[in-house]
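Okay, so here's the structure we're looking at.
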Amino acid sequence: MSLSPPPVDEEDQEPRRGGRTRKPVEKFQVSGTATKRGKRKEINQADSDSDLSESDSDAELDNSTPTRGKKRKSTGGAGTTKKAAKATSSTKKKGKKAGIANAEQGEIDGASGVKNDSPLFNAFLSPDIALQPLIDEWIETFQQAAGDEVSEQASIHEIVTMFIRCCGLNSEIEQAEAIDTDGITDAVERIQDESVRVASASYPLTSRGKQYNAFRKNLDYFLHHLIDSLSNTPILFDTPETSSHNDLLLPLLLNWLNCMSTSPLRPIRHTATHMALKLNSALCDVAASVSKDLSLKQRQKEAEVKKSGTSNAAQKRVKDAEEKVAEAQGRKQRVEEMFQEIFDVMFVHRVRDADPAIRTDCFRELGAWAKKYPEYYVSTSYLTYFTKGCNDQNSHARLETVKALSSLYSKDSFINNARTVTLRLVPRLIEMALRDVEHAVRVTAINVITLIDKTGILADEDESQREKVARLIFDQDFKVRKAVGGFIGNLWEEKKESLKTEWSGARAAKKKRAANISEDDMAAYLDWKALATMLVEISQSLDDPAEPSTSSQQPITSSINALTRAKASVESICAEYELWKDWQGLVDYLLLDHSTADQDIWLSSEDEETFMLQVLIALIQREDQDEDEEDRSKTLMKILPRLFAKHQTDVGRIGGILAMLGHINLGLYLDMRKASAYDTLWDDVTKQFLQHTDPSVLESAIKAINHLSSNASMAAANSTKLTELQETLFASLRDEIGSDEVALLSLEEESIDKLEAITLRILLLEKSRDLTDVMEDEEGQSSGWDIICAFAERGRLGYKEEAKMVEYAVQVILYHMTWLFRRFTEDDVKDNDKVSALKSKRDKAVEVFQDLTLGDNTNTVDTVRRQAFVCFLTLHLLFSYRPPKDKDVIVSAAAKACPLTVEDEIQHRLGGAFLAAAEKYASERETHESEGATEAPEDIKFLHLSSILVAAIRKGVLEIEHAKEPLSHYGRLGSTYDAVVRKLVDALRDEGIYNKESETVQHVAGSALQQSFTLFLDSDSHEPAAPLALSKLLANAFTIHGNHFTVLKQLHPSDVSDFHLEALDYIARRISNYVKQERAAKKGDQKTRLQMKRFQALTFFKPLLLLLQPVTPEDALKINSHLNDAMSSTGVEVTVNKAWEAYRAYERRLDGIASKDPTLKAASRKVVQEEREDTVVNGDEDELDDQPTTPSRERVAANRNGNGDRSSPLSPTSEPEDNDGDEPATSTPRKRQREEVSPPASEDDRSHHSPPPENDESMQLDVDEPEDDDDLELTLEGVVPSQRERSESVEPTVKRRRTVKRF
């Protein structure tokens, strides 16, 4: 299997250190086909070189610069071209040796790019190969080579070549170099010098190519089983004195790997380090086996010594046993020497390597060493490196470190031998569990801490560290909560043992109070008590402001945190314990009387009882997924009445008890014939709904009522109970107000709370069912509808105490109108009485909503105003009617009978009301951000208001013109607001492109963009982020794109042009105001501030630049002219200041659009042709320099103004001069044309230019044909002569030509 060395020619060798010669470097080629062709060519070339004379060879050797390539060139024949010689020069320089070596030693694989001359490396690439026969064959060959130096060199050369190919390199070494211990360093240096330019960033160990899928696995298998097989032979344990080979195998291979691991090339360093680490891991298995064998032989020796006598046979047995022990000790010592060499020479350097992948491998293998051979590696000197791994910057290195520690601490014997290192690691591990950015690292670190905590080290050192880890039970990441379950289980076990110890040592008087409790029940009660105490303590420590949570993730601290935290704790604990299976035991514990908790150790306090009730709910929800529904329902049917009776007055607990009702299969009441129990359940739920005023309890109660109402099997009982509930509710409303007028009531705080709760109950019922009959039933008094409307009208008084009540009343009115809208049928359209009744109620609702939203003489609270705004638009959306174009479209009968529209004045006032709400919301966000918060919270009510406004505009309730109000705040109020407002683009696009109302769209877009930029100028921002975002959004409304950005449809260009003209007038006014204020300012800081504002105003051209796509060349001319007039009117001079970059980009874009006009191109060709003719006739550049360019500029400007230009009246006019009627006009000034057509010239070139000779062919001009002049790029800067200064020195006409061939 060994490879024969390649033939070496002495003439190709060059002197090198140590008497060895440097081999010619062959450039790495990836393509396999191209390489094969190159090899054939090299072989043929080498054959032709063999005909060279011996004197030529000697001359080549004597010359310090190789000239072999030149001689090959001369023998190639007269037909060899320069291009072919240049392409093959690198191949020719390699000589005869390179060609033969490539032909005989293997070809480069096209897929992997590595030579296939190593059978072992080729085997690693095969996924289904059996490597053990190869290993056995190589070991047998090496054993047979003992005493044969050539065969031994060949075997070792094969392994070393495999090392090099595994690095992804094609370098070669001689057989003598493979066993030359003193020359390994030089050989590695040569290899890396040859490979430094061809080494790939992806090498077999890290490549993700398909050809390398099995490489790492096969390499690790080979190294492990090679050492394992060698351990069965004397080769592994040989010393120089006992070895039959010239060189010791493993020390030689380790020397190669250690030298390669110091290479600056990453492929060599990483691969060598990986192989050395894997060899050391295999040696650990051998060492463990040797150590076990040594222990056995020592015991055998001791046994022989004990039973030995004075006979010769006994003494011989003892001596044989001692020799076996000495032999085993020698083997162990030999392996440990290799350990020390690998660690000192390689590991201590590579564990600090700059490559994180190498450091990761080191930490992973160190953990494997300590686990396989703890006798040697479980010591402070080795385990200290895990501290470095925990502090590594790379997350993968940290992850492998904690994984290694997790594997080590899973062994009970490890902790006893590594207590010192453990104490050093614990603080860092806790910090990683709390703050690490990688979830996998956090989870693994928590597992390690749990294993350490089981030993009691954390409890002995610092209890506060355990509290920090325990808080992770409420972390927002589910994986973290699940991982900490084992740690919480440890705490729970400790708490249980503590309580049981305390109970066993209690006095007889205390135990007498529990005389009726069995021992098993007491043990269960103490378990639940321990859990309740632990969870409440952790929850309270999390809420302690003096010691906030140190977790990198935010803990669960919502408004319903009791239930949410209880659910989180159940998820965490149930990851280790099947706690949900014993939830009935928790029910028995909670039904106890806990009022004497301060005297009885097994009872819970109020906080603990409340938390455990939430735990019970979470357990029931979890059990809902695993157990039989019928058994659970039967149990809940028994316990719910008892829980209602016990906790009916506790607001914090009754909501959770009501939530349990949703997990009952109500059909069992009929199946089990428990109608009376069902009625009792209805009464309990109704009682809670009518007695409690807390919104959370009422929401839980209405969910329970809806669940009861859904029971079709007890429909009769449900109908009776619901009717009773509704009558009782409205009777309580009338009783509360009495016979007084609602508008004249003077409500106390207690009455307000009651009426607020009653209104909320009505609202919750209105959301789920139709209350029209009971709402409009007068019963000798005012109807519920009139009372609710009167409560809503009290919102005009502006009492903050009544704000919630008024909000609920407004919503009740809207929901009632929704039910009326839904009940109105086609038959009712013919009934005038029903139509008039619907109109009267609709008009009443509109009056109330409009009065609260837009009333002039009201002091309405902002929250009430917002709610009325939403209800007002929602009602108009409900009753809006447009005749359908399609007959199949179904139109609501109520909308058809009572259509509703919004007057123009009301629409404008609604827009103003929205702007006021948006400004308030924006100020709240700015205040929140100024306080240091990373992200301002979003106001759900304002977002609801925005969505209703957008829906009204899209539906047609409001005119499209009012889209400018929400669009002006795009990019300022958060991502959710932007997502809502983005829907307006569809309406703008439909209106402008399909409905041909582009003027309206142009007005809306212009007003929105100008208002958005005004808000930017009034703020402290430096970049117009919001106007830019709005501009990108509006661009979608201007143009409809198809595939590959093709333009399908777009707005009319004239309207887009008007948009830009108005925008330029706006920004000119803003700049002029800043200029006037700056001139009037007296203080320096004020002047500086105004100057900065003026520069900020120039950024307005950034959003304008994005909206130029629909502009035509003619409109670009007009916009450019207007731009010059507008900037001139401001009195500001355009400079090279960076602030003018946006302005110049906008101007260049206009020039680029205008240059596409064919009329302008024809005019520019005419001007260029005239100048060329003038040059041919005159032939004197000095005369050309004196020729004025004003006539051409004025002729161009005049021609443009004569073609129907709609430019600004402020543009200066010029009379046409020498303009023939049949000549096409041009709008391109000669100065700008020169800059675009001619190559740039320096000032020295312009001032010292001399005319070329007349007959010099080197100065011939390439004059293109007229049809090729369409590619001429034109600019329009300075179209009007009065707005651009002319250059002081005019370049010669020759430089204005298109192409100039210089001498």
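Note that the structure is predicted; figures quoted are calculated from it, not measured. Counting begins at 1 with the first residue of the sequence. These values consider heavy atoms only, across backbone and side chains, with no hydrogens, waters or symmetry-generated copies.
Shown here for Leu973 and Ala922, the closest heavy-atom pair between the two residues is CD2-CB, 3.6 Å. Leu875 and Leu900 get closest at one heavy-atom pair: O-CD2, 4.2 Å. Considering all non-hydrogen atoms of both residues, Gly1131 and Arg1079 come closest at O-NH2, 3.9 Å. Minimum heavy-atom separation, Pro899 to Arg842: O-NH1, 3.1 Å. Nearest heavy atoms, Tyr1146 versus Ile1119: OH-CG2, 3.5 Å. In plain terms, the two heavy atoms of Ala1116 and Val1111 that are nearest each other are N-CG1, 3.6 Å.
Counting only distance, with no hydrogens or angles, the side chain of Lys1156 and the backbone of Pro1113 share no donor-acceptor pair below 3.5 Å. Counting only distance, with no hydrogens or angles, the side chain of Asn1073 and the backbone of Arg1069 share a donor-acceptor pair below 3.5 Å. Here the side chain of Glu991 pairs no donor or acceptor atom with the backbone of Thr1000 at under 3.5 angstrom. In this structure, the side chain of Ser946 engages the main chain of Phe942 through a donor-acceptor pair within 3.5 Å. The backbone N or O of Leu1117 lies less than 3.5 Å from no partner atom in the side chain of Ser1121, so there is not a single donor-acceptor pair. At distances below 3.5 Å, not a single donor-acceptor pair connects side-chain atoms of Asp978 with backbone N or O atoms of Tyr970. Arg866 places no side-chain N or O within 3.5 Å of a backbone atom of Lys941 that could act as its donor or acceptor partner. Side-chain N or O atoms of Ser1012 include none that pairs as donor or acceptor with a backbone N or O of Ala1008 at under 3.5 Å. Not one N or O on the side chain of His1122 forms a donor-acceptor pair closer than 3.5 Å with the backbone of Asp1065. In terms of modelled atom types and a separation under 3.5 Å, the side chain of Tyr1074 and the main chain of Phe1095 share no donor-acceptor contact.
Contact check for Cys871 versus Gln867: side-chain heavy atoms found under the 4.5 Å cut-off. The closest side-chain heavy-atom distance from Phe1100 to Arg1070 is not below 4.5 Å. You'll find the side chain of Ile1040 stays beyond 4.5 Å of the side chain of Val1047, heavy atoms only. With a 4.5 Å cut-off on side-chain heavy atoms, Leu1123 and Asn1120 count as touching. When side chains are defined from C-beta on, His908 does not count as touching Glu959, because their heavy atoms never get closer than 4.5 Å. When side chains are defined from C-beta on, Ile1071 counts as touching Met1127, because their heavy atoms get closer than 4.5 Å. Between Phe914 and Pro966 there is a side-chain heavy-atom pair separated by less than 4.5 Å. Residues Arg1094 and Val1132 have side chains in contact (heavy-atom distance under 4.5 Å, counting atoms from C-beta outward).
One finds the CG atom of Asn1036 at 9.5 Å from the CZ atom of Arg982 (value rounded to the nearest 0.5 Å). Rounded to the nearest 0.5 angstrom, Thr1112 OG1 and His1052 NE2 are separated by 9.0 Å. To the nearest 0.5 Å, atoms CD1 (Ile1153) and OG (Ser1155) are separated by 9.0 Å. Between atom CG of residue Leu915 and atom NZ of residue Lys964 there is a gap of 8.5 Å, rounded to the nearest 0.5 Å. Atom CD of residue Glu1141 and atom CZ of residue Arg1148 lie 8.5 Å apart, to the nearest 0.5 angstrom. Going from atom CG of Leu1009 over to atom OG1 of Thr1014 covers 9.0 Å, rounded to the nearest 0.5 Å.
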Worked verdict on Glu1078 versus Lys1093 for salt bridge (Lys or Arg N to Asp or Glu O under 4.0 Å): CA-CA 10 Å; Glu1078 185 179 350; Lys1093 284 294 182 183; over 6 Å; no
Test log, rule side chain to side chain contact (heavy atoms under 4.5 Å, CB included), inputs Leu988 and Leu1034: CA-CA 9 Å; Leu988 288 175; Leu1034 293 175; 4.2 Å; yes
Derivation of the side chain to side chain contact (heavy atoms under 4.5 Å, CB included) call for Leu1048 and His1041: CA-CA 6 Å; Leu1048 301 180; His1041 291 282; over 6 Å; no
Residue pair Leu1028, Thr1099: steps toward the side chain to side chain contact (heavy atoms under 4.5 Å, CB included) verdict: CA-CA 10 Å; Leu1028 274 174; Thr1099 59; over 6 Å; no
Ile960 vs Asp990, side chain to side chain contact (heavy atoms under 4.5 Å, CB included): CA-CA, chis, key distance, verdict: CA-CA 10 Å; Ile960 192 66; Asp990 295 343; over 6 Å; no
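The 12-atom threshold is not exceeded at NE2 of His1022, counting heavy atoms of other residues, nucleotides or ligands nearer than 6.0 Å. Other residues, nucleotides and ligands contribute over 12 non-hydrogen atoms within 6.0 Å of the CD atom of Gln850.
Checked against a 6.0 Å centroid threshold, the rings of Phe1038 and Phe1059 count as neighbours. Between Phe872 and Phe869, the distance from one ring center to the other does not fall under 6.0 angstrom.
Using bins of under 30°, 30° to 60° and over 60° for the plane-to-plane angle, the ring pair Tyr1143/Phe1101 lands in the perpendicular bin. Aromatic ring orientation, Phe1013 versus Tyr1066: perpendicular (interplanar angle above 60°, classes split at 30° and 60°).
Listed by chain and residue number, Glu919, His969, Arg972 satisfy the side chain to side chain contact (heavy atoms under 4.5 Å, CB included) test with Leu1015 (two or more places apart in sequence, or in another chain).
Side-chain atoms of Gln1010 and Glu1062 include no donor-acceptor pair closer than 3.5 Å.
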Check residues 947-956 and write down every donor-acceptor pair under 3.5 Å in which the side-chain atom is one partner and the other belongs to a residue at least two apart or another chain.
| from | atom 1 | to | atom 2 | distance (Å) |
| --- | --- | --- | --- | --- |
| Ser947 | OG | Leu943 | O | 3.3 |
| Ser947 | OG | His944 | O | 2.7 |

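Contact check on Arg989 versus Asp986 returns a salt bridge, with a Lys/Arg side-chain nitrogen under 4.0 Å from an Asp/Glu carboxylate oxygen.
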